[in-house]
Each structure stands twice: as C-alpha cells, then as structure tokens.
Amino acid sequence: MQVILAENCGFCKGVEHSLAIAEKAKLKYERLFCLHPLIHNDSIVRKLNIPLVKSIDDLSVGDAVIISAHGVDPKTLDRLKAKGTVVIDATCPFVMDIHNKVRKYSEAGYEVIILGDKNHAEVIGTAGWCPGCYQVVKDAAEIDLSRSDKYVLTAQSTYDNGLFDIQAKKISGLIKNSKKTLEIVKTICYTTIERQKEAAELTTSCGTILVVGDKKSSNTQKLLKIAENAGADAYLISSTSDLASVRTENNKALGIISGASTPKELIMEVFYRMSEEKVIDSVAEEVKENATATTEVVPTPTEEKSESGSPKEITMAEGLKRYGASPKSYREGMRLKARVISADVTGISVAIENGGKNDSGFIAKDEAEIDGSYDPANYPADTVLDVIIIPKESGDKKKDINLSKKAYDELKVDDERVQRILAGEEFTLERTQEIKGGLLGKIGTYTIFIPASQIKIGYINNLADYVNKPLRLKALPAREELDEEGNPKKPRNPKRIVASQRVILEAEKQARDEEFWSKIYVGAIVSGKVKRFADFGAFVSLKYMDGLVHNSDLSWSKRRDIKPADVLEINKVYDFIVLSVDRENGKIGLGYKQLQKKPIEIAQEKYPIGTIVTGKVAKIMKYGVFVELEPGLDGLVHISQIQNSYLENINDVAVKEGDIVNVKVMNYDNDKITLSIKETLPVEEVSVHEVSSDADASVKGKGKGRKVKEEEDEGPHNFVSGGSRVSLGSIFENLNIKTDDDKNE
C-alpha cells in the first residue's frame, strides 16, 4: 500500500517558537514554572519537565514563569509582575496578533464575537483583552445581538476554516435588515488553514487517514473531524500503540497528517511501525500538485516519472531518505534482519544494516533456538537471520544490541497457530489493551480485535474490566462490504482477525439449556436453593434458571395466611416437584408440599386408631366438636360421641372452646379424623330396674333416657347392672321378651 505524507507535518512555527524560548529559559533560570502546559502535547511537556503551578499565589519573588503558546489575559500578566516574578512570554506570535486585534476593536466600541471553545486556554486569554464586551459561541444562534450596534467576528486560531465561513454567513443574515454593523476578521492561523485543506484533499486519494497528534490538541481534533466527515477511515494516533486499531482493508492509499504540536519523531515512528507491519511498502506523491515545501520538518518528496510519464512508485527506504529521515532508532520488539559475522559457544555476533548504517548485535546461545539445541556450526558467516530486539539483561554492559532469533521463530510458530485459529480452533488471549469499540491483542504477527459486543452475552458497562483478563475466543468469518455491482469494497486485512468469546459462551449456554430442559418436565424431582421470597411464593434457583413455588404449593396446612418463610429458609436446598413448564417464556412452576406427607398420613402414623390423645377444643358446631390434636391437625367429635348420655342440643354440651379434653381416635376417612370423647369416659352403672325400664321404653320405640352401654366384645352381648354383668338373655327373660330361641321352642 502507498503512503502519502501531507506537506504540513510536524511542529508549526508558533510551537517551534514557544519550545525554543522554553529551552533557553531552562538553561538560564533555576526556578522555572509554567502556569499552563506550554503546548497541547503531553509527551513534549513531559520531556521539557517544567513544573506547573496551580496558582500565582504559589510563586515567590524572583521565580521565572513561562507564558504558554496559547497566551494569557493582561490581568494575569499584571499579577505576575506585581508578584515580582520574571515573566517569559512564549505566546505564539499569531495569537499575540489576535490579542492586539480584539483589543483595538474593543476599544473602538465593538462587541467581540469569538467562535471557539470557551474552556480552551487560548480563548480564555483572548477574551481577557476585550473585557466586558465579548461573547464566546459555537454557533451563530447563540449570539446576543441586543448588546451592541457594532460587532466584530473572530475565532480561535485553530477553528475550522470552512465552518467559520458558514457561521459568518449566518451572522451576516441575522443583522442584514438591521442598523447594526458587522466586521469579519478571520483570525484562524494560516498553518491551521493549510493543514485543514490538506486533510480534506487527502481524503480524495486515501481511504485511510492517520491524524498524528495529542488528544488534547484542538487543531488535531479538527483535522480528525474533517477526515471523518469526508468519509475516510480516520484514526487519531497519539502514540504508536494506537496503530494496533488501524484498519487498512481498502484499495486506496494511506494518508498521514499531523497536528501543529506533533513532533516529527512521532510521525517517523508511525512510518516505521507501519512499514514493519508490512502495511505500507512505498511512498507516493503528496496530494498537492507542484507543491513547494514550506516547513523545515518534513519536506515533500516528488515522485520520479517513468519513461511513459506516469508516476513511479519509490520504495520506503527511498521515500524516507527524501523526507530527510535519519536511520530509525532501535526499540524493544523491533524485527530486523541480521547477517552472521561469527558464532562461538557463547552465541552469535551479527551485523545489522539500518538505512546504510551498520550496527553490531549479539544473539546469546539461549536466544538462538526454541528447543535450546544451540550449535555454532549451524551458523556460518554471512547467513542472514530474522531476529527481534530484546531488553538487555541487568548488568549487561555490552554495546551490542541484544537480539533473539528464538523470539522471532516463536512468532512464526504463533503464525502457524493462527492458521488453525482461522480454521475454527478455539484459542486463549490474555494480554489485551482497550481501544475504541473493543479490545486488541497480538498472536505472532497477527492483530486480534475483539469487539465489545463479542466479549460476553449482554451489554458491557466497563470495557476496562476485561483488559488483560483471559479470553476464550474463536475467529469470526470475514465479512466483506459489497459495492452496487456486488464487488468487495474493502478486501480483508490478512493480518487482522476479528474474534469472539460470545459465540463460545452462547454455544455452551445452548448446550446447557438443552441438557437443563431435558431434565425439567412435569413430575420431575429437582433440587434447588431458595433464592428469595415474594408475597405470592418463593423463587428457587435451579442452577441455570429460577422456578416459582406458589404459596398454595408450600404446605398442606389449611391456613390461608401461610407464607414462604413459614415453610422454607433462604439459601437452603430442598427437593421440589415440577408442576408446570413453559420453556418459551422461561417459567417453571414448582411444588414443595407434594413431596411431603399429608397431615392425615402423619396422623395415622402418630395416632393409630384406638389411641387416646389430649387435645384442645377448637370449634363447636351444631353437629359436634372439633378438637385440635396439634397445630394444623384436628378431628371431629360427633355430637353422639361427646357424652355417655344422649345429647340433643350441642348448646347443652359441658365443654367450651379452649378446653383441654381427652379423645379417642376412632377412624380415618380420606382427610378426616373421627374422634370420641365418650369412649374415654368411665361407663355409667345402672340397676336392673333402670335397665328394664329403659329396655321396655326401647321396646315401645322410645330410646330417650337409655342408660346402658353395649360392650364391643365377642359372644353374647352383656350389660353391666349394679356393678355385675348380666347376660342379654336374662334381661330379656325378666322383661318377658321372647328371644328367637324361645320362639323356636
């Protein structure tokens, strides 16, 4: 791929001016400070190492203070002088000119309109030169036209040139039919205008634009926006690590432009890194025809012409030479080719060719082979090796560059692994960095991009939580965009793999779901942990899903106010029966009581028929008395089983609710328990006369007042009279009642 480097790259004159002043001041003053960052480039500010002060009050008499390239207001200058400090003004000359212009217009009674960012250091400083008569706006609609009859339109020096013209036209339209006047003074730096123009022109021949500069730089951000608005794939490159996110899957050239505070070293480093990744292989003519270099930083190369007159590509080396770039500096991880000079038992001495400059390097024996089987005889002189620069070991004083053939070979092994990955093999990636839209990592010479949407199932709130965390991944099939004719717009970059952990998680989830639902059917017994309670029931975790136990399925108790906490405990595991399944809506109905014995079953085991139990009278009904044997378990004593004598009206009963009585278990019928109080009472004694009288009354059909008790024993029925048993036959004989035997006689 060809690369086109814009003509206006590197520091602008204003930045060079400010830096030159700062460097001289560092040599002259021992106590030197800055009120604001000198320029908007963190790497340069760190390199200068001039401390910032939070407030003028923190300064002492005699301290030297540098005014940044963005300038300050006159009140700040007066305060510094009153403090007794030495003021070193490094304000950009162009910004100084803006200050003078707005001051003159302000003194002439004009309201100054400044298009720009009200929080930017330059705008704050400029506004101070027209106190009380200025407005900082981003759009014409924000202007208050009631404040004056005379207005002058200016702008931040790095404002978008095209946007300025649009806003100027809008403002002119607003005052067209009024008596107000408007002066338009375009205070945008000429360098800014040229760079913005180049950014727009680059997009016509470049599909990808790299805007090299600091994120805090206003002019850099505007270049990025211009490239994006023109439809290019634009990237802000603050350091070479940002290059990992760059996609170059188009057929057009790669354009490089920089902000005004970007050092040429960073631009060249971008060049080198892209060439090492084999993204760019040649340099093309700069976008402007017959352009003449106007900057000392990076001159524009002119392409050679072939015999036919058409442009001729030049190699990267030739292009860098024409740009005046010095041989590249070495850094850890850089891949190089090295020629063997000699090899011995300690390692291999090599020569590195670097832009015509020969440097020596050394490959220790432990860095020669992956398997450690080093043999000097395998490395004859003039053998060319692929190597990688590695750090020097602690205490290593050799001037040679430390190299590793083993590390390069491991890259090749990783590249072979990538082929299996592309064929569908699952792989693990542990080292990643956060970029816009996802995470980025490396395997061999390949870049692995994991979109945020492919890291997990569901939305990710904080992408940083997944940086340098092990990810299980699979490569996603390449998707090519097609033009109107059905041809690929952007061929896939073979060195870039888009991968997903989500596809693995979803496949595993689907398998788990299938296994889970295969075990969830009506009637299945499942174990689950009680998760939480609700008014209507309890939610139970079944590992992958939750089920609901409704209050009605918690207990066999007849209490209407039964609650989950009365039966279950949070975080405790129980067995449940599946009552209903709705897989489509993910709902599972569970039952707990269905696996528990019914109260009647427990009662039958605890209170067999014939057992005498103490209970409490719970309720008195017209047909009998309910006696509670224990909480939730009661039985009925029929009116006929309350006392020995006949009871016609329940209201005549001698017991009341709450009384403790003895009862005898008589029978179980479905869920009902039949009890008797009478069976626990002593048998009443009656005389023969009373028995005869009662028996006679019985014969006459009157059973009222009968005071005899039939014994439930085998053989002829006997009755108790006067404390002694008499046979039924003798009673009948006394009553002159013939038995069937008598009749037979």
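As the structure is a prediction and not an experimental result, all values here were calculated from the model.
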Which residue in the set I256, L223, T203 passes side-chain contact (heavy atoms from CB on, under 4.5 Å) when paired with I209?
T203
Could you give me the CA-CA distance, side-chain angles and deciding distance for D165 and K169, then say whether salt bridge (Lys or Arg N to Asp or Glu O under 4.0 Å) is met?
CA-CA 6 Å; D165 294 337; K169 188 175 181 180; over 6 Å; no
Would you name the heavy atoms of A260 and V15 that are closest together and state the gap between them?
O-CG2, 3.4 Å
Quick one: do the N462 and D465 side chains pair a donor with an acceptor below 3.5 Å?
yes
E122 side chain to S157 backbone, donor-acceptor under 3.5 Å
yes
Is a donor from one side chain sitting under 3.5 angstrom from an acceptor on the other, for S55 and D58?
no
Verify the distance criterion only: is there a donor paired with an acceptor across the side chains of D139 and Q167 at less than 3.5 Å?
yes
Examine distances only and state if a side-chain atom of W129 and a backbone atom of M96 form a donor-acceptor pair shorter than 3.5 Å.
no
T85 side chain to V87 main-chain N or O, any donor-acceptor pair under 3.5 Å?
no
Between N161 and K186, do the side chains contain an N or O donor and an N or O acceptor separated by less than 3.5 Å?
yes
The test is salt bridge (Lys or Arg N to Asp or Glu O under 4.0 Å); show your working for R79 and D57 and say whether it passes.
CA-CA 9 Å; R79 287 185 61 198; D57 296 333; 3.6 Å; yes
Exam field: side chain S60 to backbone D63, donor-acceptor pair closer than 3.5 Å:
no
Quick one, K222 with R195, criterion side chain to side chain contact (heavy atoms under 4.5 Å, CB included). Give me CA distance, side-chain angles, the key distance, then yes/no.
CA-CA 10 Å; K222 287 181 176 63; R195 290 173 192 257; over 6 Å; no
Under a 3.5 Å distance rule, please check whether K442 uses its side chain to pair with a backbone N or O of R431 as donor and acceptor.
no
Is Y151 reaching over with its side chain to a backbone N or O of K180, donor-acceptor style, under 3.5 angstrom?
no
Treating T192 as the side-chain partner and I188 as the backbone partner, does any N or O pair qualify as donor plus acceptor under 3.5 Å?
no
Spacing of K138 atom NZ and Y159 atom OH [to the nearest 0.5 Å]:
9.0 Å
Measure from the side-chain N and O atoms of T220 to the backbone N and O of K216, and report whether any donor-acceptor pair falls under 3.5 Å.
no
Any side-chain donor near an acceptor of the partner, Q135 and E111, under 3.5 Å
yes
Y235 and side-chain contact (heavy atoms from CB on, under 4.5 Å): which single residue from L224, T208, I435 fits?
T208
Flag, side chain of T432 to backbone of N468, donor-acceptor distance under 3.5 Å:
yes
Between H70 and H120, what is the ring plane arrangement, given parallel below 30°, perpendicular above 60°, and tilted in between?
perpendicular
Closer than 4.0 angstrom, basic N to acidic O: yes or no for D149 and K179?
no
Main-chain N/O of T158 paired with N219 side-chain donor or acceptor, under 3.5 Å
no
Applying side chain to side chain contact (heavy atoms under 4.5 Å, CB included) to K26 and I50, what does each step give before you reach the verdict?
CA-CA 8 Å; K26 284 179 65 178; I50 300 176; 3.9 Å; yes
